[in-house]
Amino acid sequence: YEALFNNARFTDKDLPEGFEKAVFFEVKDSFVQIKESETWNLCEEDFTVSLWLRIKGSRAEGYGILDSVSSTASNSLTGIALHTIGQGRPGALEFLFYHRDSKYRFKGRTAVNDGVWHQVAVTKNGNLVQLYVDGQPDPATASVSRRSGFGRTPLVLGQFLDTGFPGGAMDKFRLYKRTLTPAEILAIFETEKPPPPIR
């Protein structure tokens, strides 16, 4: 799938070993849109998202990581989103599943806005949603009360509604059309993690 860049660019600066290029999000309205992703209907299907990110600093409204939320009149707020929490648990992840007038929130506990590269992942298996940080569950699996939904909005990286990812970087984004196991998520982290710094 092709990616459309808006105020975002590739960078090879300040990357750990094994990271050849990452996407750098210049300003609040920077984003990368995945072409033809509106056909995926992620709020209905099982999936896994895995990516690495680096966030420096804290914002009251958090940072937008990904978004496929539709807000059209015929499809009001359906889709999925991932962002960091700005207030309450600053820097922790929150995954949202929208269906019509219902919104399900899944909040993590581990802050990822410390300027260090972190692998984050979210899996959806039927009604079950699981967040991961650096290969580990964060926290236990949670459940939505219903699975139905209809989302036909393109997947956008570096945004969540009107919240952006300014100054943030992202790499190794992957979307799987199935639910990866905890062992598979950990294997991705162990395979991709940077080597420890030489002292």
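This is a predicted model, so every value here is computed, not measured.
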Rounded to the nearest 0.5 Å, what's the gap from CG on Leu175 to CD1 on Ile34? Could you check? 9.0 Å

So, are Arg105 and Glu94 salt-bridged, with charged N and O less than 4.0 Å apart? yes

Determine the minimum heavy-atom distance between Gln130 and Pro137, stating which atoms define it. NE2-CB, 3.6 Å

Between atom CD of Glu190 and atom CG of Asp134, what is the distance when rounded to the nearest 0.5 Å? 10.0 Å

Does Tyr176 share a hydrophobic cluster with Tyr1, counting links as ILVMFWY side-chain heavy atoms below 4.5 Å and allowing steps through other members? no

Following the transitive rule for hydrophobic clusters with a side-chain heavy-atom cut-off under 4.5 Å over Ile, Leu, Val, Met, Phe, Trp and Tyr, establish whether Phe31 and Leu51 coincide in one cluster. no

Approximate separation, where rounding is to 0.5 Å, of Lys56 NZ and Asn113 CG: 13.0 Å

Charged N to carboxylate O below 4.0 Å: is that the case for Glu17 and Lys193? no

Considering non-hydrogen atoms only, spot the tightest contact between Thr123 and Leu180 and give its length. CG2-O, 3.9 Å

Among Val112, Ile55, Leu53, which one satisfies side chain to side chain contact (heavy atoms under 4.5 Å, CB included) with Tyr63? Ile55

For a quick test of your reading: what N or O donor-acceptor pairs under 3.5 Å do the side chains of residues 5-12 make, sequence neighbours left out?
residue, atom, partner, partner atom, Å
Asn6, ND2, Asp29, O, 2.9
Asn7, ND2, Asp29, OD1, 3.1
Arg9, NE, Glu26, OE2, 2.3
Thr11, OG1, Lys13, N, 3.2

Nearest heavy-atom approach of Ser37 to Pro154 is OG-CA, 3.3 Å

Just jot down the salt bridge (Lys or Arg N to Asp or Glu O under 4.0 Å) partners of Glu2, sequence neighbours excluded, or say none. Lys35

Is it true that Phe173 and Val23 fall in one hydrophobic cluster, defined by side-chain heavy atoms closer than 4.5 Å? yes

Is the backbone N or O of Thr181 less than 3.5 Å from a side-chain atom of Glu184, with the two atoms forming a donor-acceptor pair by type? yes

From Val120, Leu66, Ile80, residue fulfilling side chain to side chain contact (heavy atoms under 4.5 Å, CB included) relative to Phe95: Ile80

Please identify each residue that fulfils ring-ring contact (aromatic ring centres under 6.0 Å, His included) with His118, with sequence neighbours left out. none

Which distance, rounded to the nearest 0.5 Å, do you find between the CD of Glu61 and the CD1 of Ile85? 13.5 Å

Minimum heavy-atom distance between Gly108 and Pro139, given as atom pair plus value: CA-CD, 3.9 Å

Give the C-alpha distance, both sets of side-chain angles, the deciding distance and a yes or no for side chain to side chain contact (heavy atoms under 4.5 Å, CB included) between Leu4 and Val32. CA-CA 5 Å; Leu4 301 176; Val32 176; over 6 Å; no

For residues Gly126 and Asp46, report the shortest heavy-atom separation together with the two atoms involved. N-OD1, 2.7 Å

Separation of Leu131 CG from Leu82 CG (nearest 0.5 Å): 7.0 Å

Side-chain donor-acceptor distances from residues 159-171 under 3.5 Å, at least two apart:
residue, atom, partner, partner atom, Å
Gln159, NE2, Lys28, O, 2.8
Gln159, NE2, Ser30, O, 3.1

Return the OG to CG distance between Ser68 and Leu157, rounded to the nearest 0.5 Å. 10.5 Å

Which residues pass the side chain to side chain donor-acceptor pair (under 3.5 Å) test with Arg54, not counting sequence neighbours? none

Could you walk me through whether Phe25 and Val27 satisfy the side chain to side chain contact (heavy atoms under 4.5 Å, CB included) test, starting with their C-alpha distance in whole Å, then the side-chain angles of each, then the deciding distance to 0.1 Å, before giving a yes or no? CA-CA 6 Å; Phe25 298 85; Val27 290; over 6 Å; no

By ring-ring contact (aromatic ring centres under 6.0 Å, His included), which residues pair with Phe19, not counting sequence neighbours? Trp52, Trp117

Under 3.5 Å, is there a donor-acceptor pair between the side chain of Asp138 and the main chain of Tyr132? no

Say whether, by atom type as modelled, one donor and one acceptor occur between the side chain of Thr48 and the main chain of Arg178 under 3.5 angstrom. yes

For Ile188 and Ser50, work out which heavy atoms get closest and say how close. CG2-OG, 3.8 Å

Are Val133 and Leu93 packed together at the side-chain level, in the sense that at least one heavy-atom pair is separated by less than 4.5 angstrom? yes

